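The sequence lines fix the lettering, A, B, ..., with proteins before strands; numbering per chain opens at 1. Because the structure is a prediction, the values reported are computed rather than measured.
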Amino acid sequence: MRDLNIYNTLSGVKEKFTPLSKDVVSMYVCGPTVYGEPHLGHARPAITFDILFRYLCFLGYKVRYVRNITDVGHLLNDADDGEDKIGKKAKALKLEPMEVAHFYTKKYQEAMSFLNVKTPSIEPTASGHIIEQIEMVKKIIDNGFAYEVNGSVYFDVVKYNSKHNYGVLSGRKIEDILENTRQLDGQSDKKNSVDFALWKKAAPEHIMRWPSPWGEGFPGWHIECSTMSCKYLGEQFDIHGGGMDLVFPHHEAEIAQCCAANQKSAATYWMHNNMITISGQKMGKSLGNFITLSEFFNGNHEKLEQSYPPMVIRFFLLQAHYRSTIDFSNESLQAAEKGLSRLFSAIKTLQNLEPSVKSTVDISSYKIKCEVAMKDDLNTPIVLSHLFDAVKVINATNEKKFDLSKEDILELKDLFYNYTYEIFGLEEMEKQDDSQDLNGIMKILLEIRSKSKEKKDWDTADFIRDQLNEINIEIKDTKDGSTWNNKK
RNA sequence: GGUCGGAUGGCCGAGUGGCUAGGCAGUGGUCUGCAAAACCAUCUACACCGGUUCGAAUCCGGUUCCGACCUCCA
């Protein structure tokens, strides 16, 4: 339970991870805004922090993992008064906003479960914490860091910056931001362009609205995370995560809000995953170049040459370090698919390995190497490279080129079990149709084929093989007879 | 424009001073009636120009190109 190092955006370096309380870790990750289909971009933070969650548990920590659902319609931008993403969608579809939010929340959770992402300990919704958000806004006003104008409340960034450092996380200087944000703000009520909304008055056409001390309105974008992390993890907790695109302004604002309200910076460690790119460009909703997860799963998108099962997506992401961008392409996903099946087939081989009295190959280093890589800021690609080295040993042993003792085989089983299933959350892509009927029929067919082969009746043997292949049943001839598997 | 990051072999992607990353593809081989699958072996690198060093993909300076954030975004 020691020596896990993680990169902290706050300090800009890798730091030894020391939780606030010895055996317990508190972790908050920014979840999705539920107004559209979950896409590949959503999978990255979910999987990155799922790995961290799993690994912390593996190390014996008790983890409370909170990942929010943003189901409150935030404004598209400051100039666009009264329109929010969820509300807009609801109007277009003639639905209640919460119907839209609920629909996409289910979609998101479903996709995450396909990807074998563990459910967080708590998945709170912004709409369920309006009262708490109002309370926090009040606290910030009382502390003198926010002001009310026309039914909206804004965070006074300039004043805050005179006492604290607005920019600790993103490295931004307030002067630069002020200079660079001199675009026409419409008839904004803000004192300074850097100020951001804590509570926004609802325009008449705005359909998501709640009563507040300042009139009917809705909470600002950043306040929900501050409120919910504080409620469930305390004013100071261990890890706050999310995508790199959230560093500024979202997480910067969160820190400011928490400092303004509680004199605490919320999280000790701030972790950010990098983006997924498509042809070198960020895959994102605003760019319209995203591919949804269900499109990956069913292959139904013009850019996709085939369907990619959830585990392939998961493995694909693990092949890159979470802080690197990863470029999507059919070629790399297909490579991932083959790599993954090589890994699983070796695990299968491992189950049936014949133990020898003594080992002729040293496998003791793998466990340590994997651990070192994992503890070095979750270097999953390095862990995988060690596992693939071990795959070679397993296969070579199976070919009688090496011997492995019973103890060493157990150690390898342990290694693969821990990393593949427990920590990486990879599961076999079993699409096996193991119905009794099919099994029986296949047994008969393979027997006929085997008899024809004995009689050197290659026409019949090949006919059976080729016809089955046509309906996606693949025959594999091995020394000990033939096996079959369902390709679809 | 400001801030930050990146440029690695056919593709993806690790690696911060000397030792084979790994996966996929390619090539050769084993197996096989043939094939597929599987397995084994193996080739192709470090954007460019200088510098530091016994030695640089790795450090320093410069150049070119690309990306992210600065508006909602994972």
What nucleic acid atoms does Asn395(A) come within less than 4.0 Å of, heavy atoms only: base, sugar-phosphate, or nothing? sugar-phosphate
What interatomic distance, in whole Å, is found between C1' of rA45(B) and the corresponding atom of rG15(B)? 13 Å
Whole angstrom value for the distance that separates C1' of rC4(B) from CG of Leu10(A): 16 Å
Applying a 3.5 Å limit to both distances, which nucleotide forms a Watson-Crick or G-U wobble pair with rC19(B)? none
Using a heavy-atom cut-off of 4.0 Å across all strands, would you classify Ile276(A) as base, sugar-phosphate, or nothing? base
Classify Thr277(A) by what it touches in the nucleic acid, base, sugar-phosphate, or nothing, heavy-atom distance under 4.0 Å. nothing
Given the C1' atoms of rC60(B) and rG67(B), what is the spacing between them in whole Å? 24 Å
Counting any heavy atom closer than 4.0 Å, what does Gly41(A) reach on the DNA or RNA strands: base, sugar-phosphate only, or nothing? base
With a 4.0 Å cut-off on N to O distance, would you call Arg172(A) and Glu252(A) a salt bridge? no
Side chain of Pro381(A) (C-beta onward), nearest among rG2(B), rA68(B), rA14(B): rA14(B)
Is the distance from OP1 or OP2 of rA37(B) to the nearest side-chain N or O of Asn469(A) less than 4.0 Å? no
Classify the nucleic acid contact of Thr349(A) as base, sugar-phosphate or nothing, counting any heavy atom under 4.0 Å across all strands shown. nothing
Between Asn273(A) and Ser329(A), which residue's closest nucleotide on RNA chain B lies nearer the 5′ terminus? Ser329(A)
Can you identify which nucleotide, out of rC34(B), rA14(B), rC12(B), has its nearest atom closest to the Phe316(A) side chain? rC12(B)
Could you work out the separation of rG62(B) and rU52(B) based on their C1' atoms and round it to a whole Å? 15 Å
Check: Arg465(A) side chain, rA36(B) base, donor-acceptor under 3.5 Å: no
Partner nucleotide, any strand, of rG67(B) [Watson-Crick/G-U, under 3.5 Å]: rC4(B)
Determine, using ring centers only, whether Phe344(A) and Phe315(A) are less than 6.0 Å apart. no
Give me the distance, rounded to whole Å, that separates rA47(B) from rA56(B) when you measure between the C1' atoms they each carry. 16 Å
Heavy atoms only: give me the nearest Ser226(A)-Ser229(A) pair and the separation to one decimal. O-OG, 3.1 Å
Asp477(A) side chain, from C-beta outward: closest of rA36(B), rC70(B), rA74(B): rA36(B)
Give His321(A) one of three labels, base, sugar-phosphate or nothing, depending on what nucleic acid heavy atoms sit under 4.0 Å from its own. sugar-phosphate
Could you work out the separation of rC72(B) and rC12(B) based on their P atoms and round it to a whole Å? 32 Å
Establish, with yes or no, whether the OP1 or OP2 oxygen of rC70(B) is under 4.0 angstrom from a side-chain nitrogen or oxygen of Ser170(A). no
Please evaluate the base of rG33(B) for a donor-acceptor partner in the side chain of Asp462(A) within a cut-off of under 3.5 Å? yes
List, with names and distances, any nitrogen or oxygen atoms from the protein found under 3.5 Å away from nitrogen or oxygen atoms belonging to nucleotides 23-28 of chain B.
unit_1  : atom_1 : unit_2    : atom_2 : d
rG23(B) : OP1    : Arg342(A) : NH2    : 3.4
rA25(B) : OP1    : Lys338(A) : NZ     : 3.2

How long is the line joining CD of Glu252(A) and C1' of rA68(B), in whole Å? 16 Å
Would the His222(A) and His251(A) ring centres measure less than 6.0 Å apart? no
If you measure from the C1' atom in rU58(B) to the same atom in rU8(B), how many Å do you get, rounded? 11 Å
Spacing of His42(A) atom NE2 relative to rC72(B) atom C1', expressed in whole Å: 12 Å
Measure CG/Leu318(A) against C1'/rA14(B) and give the value in whole Å, please. 14 Å
Integer angstrom distance from the P of rC4(B) to that of rC46(B): 29 Å
Can you tell which of rC34(B), rC39(B), rG13(B) lies closest to the side chain of Ile326(A)? rG13(B)
For the pair made of CG in Leu246(A) and C1' in rC69(B), what is the distance, rounded to whole Å? 11 Å
I'd like to know whether the aromatic ring centres of His240(A) and Tyr269(A) sit less than 6.0 Å apart in this structure. no
To the nearest 0.5 Å, what is the distance between CG on Leu350(A) and OG on Ser345(A)? 11.0 Å
Trp458(A) side chain: which of rA38(B), rG33(B), rA74(B) is closest? rG33(B)
Measure the spacing between CZ of Arg314(A) and CD1 of Ile47(A) and express it to the nearest 0.5 Å. 5.5 Å
Hey, does Asn379(A) reach any base, or is it just sugar-phosphate, or nothing, if we go heavy atoms under 4.0 Å? sugar-phosphate
How close or far is atom P of rA68(B) from atom CZ of Arg172(A), stated in whole angstroms? 14 Å
Glu224(A) side chain to Gln133(A) main-chain N or O, any donor-acceptor pair under 3.5 Å? no
Round to a whole Å and report the spacing from CG of Leu378(A) to P of rA14(B). 14 Å
His386(A) NE2 - rG15(B) P separation (whole Å): 11 Å
In whole angstrom, give me the gap between the C1' atoms of rU30(B) and rA36(B). 15 Å
Which nucleotide, rA36(B), rA21(B), rA74(B), lies nearest any side-chain atom of Lys476(A)? rA36(B)
Mind checking whether Phe155(A) and Tyr160(A) have ring centres under 6.0 Å apart? yes
Mate of rG55(B) across any strand shown (Watson-Crick or G-U wobble, both atom pairs under 3.5 Å) is none
Does Met244(A) reach a base, just sugar-phosphate, or nothing at all? Heavy atoms under 4.0 Å. nothing
Considering only NZ, NE, NH1 and NH2 on the basic side and carboxylate oxygens on the acidic side, decide whether Glu371(A) and Lys375(A) come within less than 4.0 Å. yes
When the nearest nucleotide of RNA chain B is assigned to Ala396(A) and to Leu40(A) on a heavy-atom basis, which residue is associated with the more 5' position? Ala396(A)
Taking atom NZ of Lys285(A) as the centre, does the number of heavy atoms from other residues, nucleotides or ligands within less than 6.0 Å exceed 12? yes
